[in-house]
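Reading through the structure tokens given below for one structure.
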Protein chains: 4
Amino acid sequence: MSKLRVAVLGAKGRIGSEAVRAVEAAEDLELVAALGRGDTLETLRDSGAQVVVELTTPDSVMANLEFCVRNGMHAVVGTTGWTDDRLAQLNSWLDASPSTGVLIAPNFSIGAVLTMKFAQIAAPYFESAEVIELHHPNKADAPSGTASRTAQLIAAARADAGSAPMPDATATALDGARGADVDGIPVHSVRLRGLLAHQEVLLGAEGETLTVRHDSLHHSSFMPGILLGARRVVTAPGLTFGLEHFLDLN
Amino acid sequence: MSKLRVAVLGAKGRIGSEAVRAVEAAEDLELVAALGRGDTLETLRDSGAQVVVELTTPDSVMANLEFCVRNGMHAVVGTTGWTDDRLAQLNSWLDASPSTGVLIAPNFSIGAVLTMKFAQIAAPYFESAEVIELHHPNKADAPSGTASRTAQLIAAARADAGSAPMPDATATALDGARGADVDGIPVHSVRLRGLLAHQEVLLGAEGETLTVRHDSLHHSSFMPGILLGARRVVTAPGLTFGLEHFLDLN
Amino acid sequence: MSKLRVAVLGAKGRIGSEAVRAVEAAEDLELVAALGRGDTLETLRDSGAQVVVELTTPDSVMANLEFCVRNGMHAVVGTTGWTDDRLAQLNSWLDASPSTGVLIAPNFSIGAVLTMKFAQIAAPYFESAEVIELHHPNKADAPSGTASRTAQLIAAARADAGSAPMPDATATALDGARGADVDGIPVHSVRLRGLLAHQEVLLGAEGETLTVRHDSLHHSSFMPGILLGARRVVTAPGLTFGLEHFLDLN
Amino acid sequence: MSKLRVAVLGAKGRIGSEAVRAVEAAEDLELVAALGRGDTLETLRDSGAQVVVELTTPDSVMANLEFCVRNGMHAVVGTTGWTDDRLAQLNSWLDASPSTGVLIAPNFSIGAVLTMKFAQIAAPYFESAEVIELHHPNKADAPSGTASRTAQLIAAARADAGSAPMPDATATALDGARGADVDGIPVHSVRLRGLLAHQEVLLGAEGETLTVRHDSLHHSSFMPGILLGARRVVTAPGLTFGLEHFLDLN
């Protein structure tokens with residue numbers, strides 16, 4: 001069987017260099033190009049890449065994707081900063097190249113994606129839901145983007161299911177004790193030396209609780225998701241937003 | 001909206017009496033009969049029950065279900081002891097009453113059912129999987145039936161996905177350290193005073209782990225599953241085995 | 001060996017009735033009186049009790065203890081509402097009866113007491129410390145008294161050790177995300193159906209974290225602490241405040 | 001205040017090179033020598049070191065310590081392979097140099113040491129105790145040395161307290177389900193990709209459980225213990241075995 005030809009853009013970055021190694025190590029993939037800041041997109045075309053892994057910056061991602069799509073190269077995109085305008089632009093390029101696929105994933109950690117999906121599936125069956133995220137103390141924002149997104153998904157799933165308001169008899173509380181309110185879901189942020197990135201979704205019903213916990217110990221955890229994206233995007237024309245669409249969830 | 005008429009068989013038992021209270025407390029359900037050992041099935045027919053919750057014993061369940069199905073009453077069954085012969089017999093009755101539905105559920109805890117389902121979904125995306133179950137020290141068997149079933153589902157999901165063998169460099173081990181082997185999945189059983197019934201599924205990949213934990217603190221946790229079964233079985237003719245088929249898992 | 005003679009005051013209450021059963025079940029203790037609201041203290045003296053377990057209300061505790069101490073009966077006290085004035089009054093009675101011992105314990109759960117003690121011991125060796133407490137959603141206050149007390153003990157231990165401020169680079173946060181501030185220690189309160197009373201102390205240093213978790217599933221967990229108090233108070237004249245003083249912590 | 005002069009032996013190794021950086025970064029310590037395989041012990045004497053951190057191999061540790069003790073340099077030793085004979089030999093050297101201190105620590109992780117100590121303190125107050133250790137799948141032995149040691153300490157603490165046998169009604173079990181038996185304490189070993197080194201001590205009594213969990217994410221977690229050892233060994237003449245003796249545990 002011939003190998004899938006993969007190029008990496010942003011190959012000198014922290015995640016990019018790891019992606020280069022991951023593609024090289026995968027038996028069914030062939031690394032045909034690894035481009036850094038100085039390289040030209042012509043190199044990319046010459047490489048014969050079927051899939052381009054885009055791990056650059058919001059400044060360069062649009063030009064890179066325009067080039068890829070126009071040349072019929074599928075793309076797996078980890079670069080952030082997506083707006084409605086940018087997505088509309090990308091879709092117009094894809095309309096003109098209907099067999100090309102692009103996967104944009106805000107999070108390539110399969111564990112994080114599954115945690116969010118499971119929270120969403122389970123939420124309607126439980127009266128209570130809260131999120132605890134725990135990170136190293138150098139993190140600047142609280143809650144984490146993943147925790148906020150998880151809370152929003154839980155809230156939406158509860159709304160869709162017509163869930164009753166969550167029980168909470170708190171009458172007197174210290175400021176902050178009950179966490180941040182994200183669409184009605186309490187989110188608690190712990191910052192602790194020695195931690196990396198961790199998240200717990202707690203769901204409670206009469207007589208039982210269900211906890212989904214994701215521990216991310218290294219950004220190498222993004223690699224299986226990137227490789228999975230590369231393998232699947234070639235048979236998924238058009239724009240796919242979110243790695244969850246490439247997971248078998250049944 | 002008229003209420004769904006529900007009867008409980010085995011209404012004097014530990015779970016049955018709780019089911020009686022749960023049906024009475026549900027706004028969309030009406031308890032029309034609560035039968036114990038001495039009561040006759042005629043009472044059941046006279047009650048006008050649409051759904052019968054069957055929580056008796058393996059000795060009486062078959063006669064009860066034959067009566068229900070013949071009379072067009074749907075059933076939600078928690079009684080255990082199902083063999084292929086018994087299922088075939090039940091199916092033959094259902095063939096003769098094609099609009100009647102029967103749900104048999106080995107486990108009515110929605111948390112336990114979701115834990116198993118999530119383990120199954122996630123397993124193919126992780127290199128390693130183990131199960132830890134923790135119970136009160138009066139439990140006679142180890143591992144628990146739920147833990148064994150969970151391990152089997154994980155093993156089957158891995159086999160279907162063509163997963164590589166799990167990594168394990170253990171060269172010297174004390175007897176039992178690596179747990180029981182259930183279809184290749186290590187299962188560990190903790191017995192501790194103060195615990196009730198708990199289970200953790202641990203999944204690990206490069207740089208990340210995913211843990212699904214279910215804590216069951218009281219058999220009242222079966223009630224939401226029983227009520228959900230009663231509401232859905234009326235539109236699910238034929239035999240349904242396993243509560244998971246009545247959950248929205250997408 | 002003769003058994004220690006124990007009386008229970010407040011024997012009809014939820015904790016009191018459990019204490020009655022626990023004393024009866026203990027091989028080295030003899031229940032000589034179980035007094036409820038209508039009973040007189042004369043009954044207590046006539047019973048020959050050596051130790052009185054006081055589980056009544058702030059309204060009656062002072063009169064009960066005055067009687068006990070004046071009659072040379074040791075006491076184990078779970079009733080709350082202690083002020084400096086009340087403690088001074090109690091001490092004056094004890095001064096007049098120098099061989100009598102009284103144990104007042106805000107918390108009889110040995111697990112809770114050990115959790116606080118361990119948090120206190122460990123805190124100076126870690127850069128970061130936070131507390132998460134998780135309770136059923138009918139609880140009116142947040143954080144729990146135990147969690148606040150734990151945070152205060154951690155803060156005091158850090159101050160004594162001259163610990164540097166905890167690292168926290170949070171620059172933008174949603175209100176409440178970083179929890180309540182109790183003497184500089186973040187405390188997070190989760191309220192979830194299906195939970196009872198749980199607390200986690202998280203400590204973090206470079207490359208490692210230490211977590212102490214206490215799960216309280218039933219107020220029966222107070223009984224071992226009450227019995228231990230009864231056994232030890234007879235050889236501890238004067239006032240002892242806090243069960244931790246009766247535990248061997250080395 | 002003058003800084004404490006510290007030398008590192010085995011400075012090129014994985015732990016040793018980290019120790020060099022840690023000493024350099026500590027404001028109250030001065031790194032005066034960092035010796036690798038080719039260096040001679042004369043260098044050590046010339047450096048004026050007050051404390052030597054010994055992180056070499058069982059082959060060279062005895063000669064190194066003889067030299068240190070004879071020259072009145074205190075030592076902090078992480079090298080393993082200690083036998084009664086070796087300890088006796090070391091003690092004879094220390095007898096001849098009564099103001100010199102040597103700390104040998106099988107484990108420099110303060111979190112691991114505290115976990116063991118807390119397990120030991122708490123064990124007599126709980127009916128049940130089990131240990132779960134979780135490591136990466138490249139580990140060759142099961143259970144881990146730390147878990148076995150922890151179980152032994154728990155068993156000894158229970159024996160000292162005259163604890164009753166642990167409750168366990170297990171009648172039918174799959175081989176290995178109940179873990180390895182270490183002095184009567186069940187120990188369970190999990191091997192999972194994505195994990196590093198983790199340990200949980202579970203203690204259970206009527207109505208409550210206490211869990212102490214240690215997560216070790218990097219061998220940098222040994223550094224605080226090594227530095228603490230260096231600071232304290234100068235005032236602890238003779239042999240100290242185990243970092244716990246230098247921690248304030250009250």
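Note that these values count all heavy atoms, side chains included, but never hydrogens, waters or copies made by symmetry. In what follows, chains carry the letters A, B, and so on, assigned in the order in which the sequence lines appear, proteins first and then strands, with residues in each chain numbered from 1. What you are looking at is a predicted structure, and each value in this text was computed from that prediction instead of being measured.
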task: Identify the heavy atoms of C:Arg193 and A:Thr209 that sit nearest to each other, and give their distance.
output: O-CG2, 3.9 Å
task: Locate the shortest heavy-atom distance separating A:Glu130 from C:Arg191; write the atom from each residue and the value.
output: OE2-O, 3.0 Å
Gap separating the OG atom of C:Ser128 from the CG atom of A:Leu195, nearest 0.5 angstrom: 8.0 Å
task: Calculate, to the nearest 0.5 Å, the distance between atoms NE2 and CD1 belonging to A:His188 and C:Ile132 respectively.
output: 8.5 Å
What part of [X] is in contact with chain C, defined as an atom under 4.5 angstrom from a non-hydrogen atom: side chain, backbone, both or neither?
| X | value |
| --- | --- |
| A:Glu127 | side chain |
| A:Ala147 | neither |
| A:Asp175 | backbone |
| A:Pro167 | both |
| A:Val187 | backbone |
| A:Leu196 | neither |
| A:Ala140 | both |

For C:Thr83, side-chain contact (heavy atoms from CB on, under 4.5 Å) partners two or more places apart: C:Asp85, C:Arg86
field: Any residue meeting side-chain contact (heavy atoms from CB on, under 4.5 Å) with C:Asp248, in chain and number order, not counting sequence neighbours
entry: C:Arg232, D:Tyr125
- request: For each of A:Val190, A:Asn138, A:Asp141, tally heavy-atom pairs with chain C at distances under 4.5 Å, and name the one with the top tally.
  value: A:Val190
field: Between A:Pro186, A:Gly194, A:Gly179, A:Ala142, the one whose heavy-atom pairs under 4.5 Å with chain C are most numerous
entry: A:Ala142
Looking at [options], which has the largest count of heavy-atom pairs under 4.5 Å with chain A?
| options | value |
| --- | --- |
| C:Ala173, C:Ala177, C:Ala205 | C:Ala177 |
| C:Leu192, C:Val182, C:Asp168 | C:Leu192 |
| C:Glu133, C:Glu208, C:His135, C:Lys139 | C:Lys139 |

task: Under 4.5 Å, heavy atom to heavy atom: which of residues 211-224 of chain A reach chain C? Give them by number, or say none.
output: none
query: side chain to side chain donor-acceptor pair (under 3.5 Å): which pairs involve residues 151-163 of chain C, sequence neighbours left out?
result: none
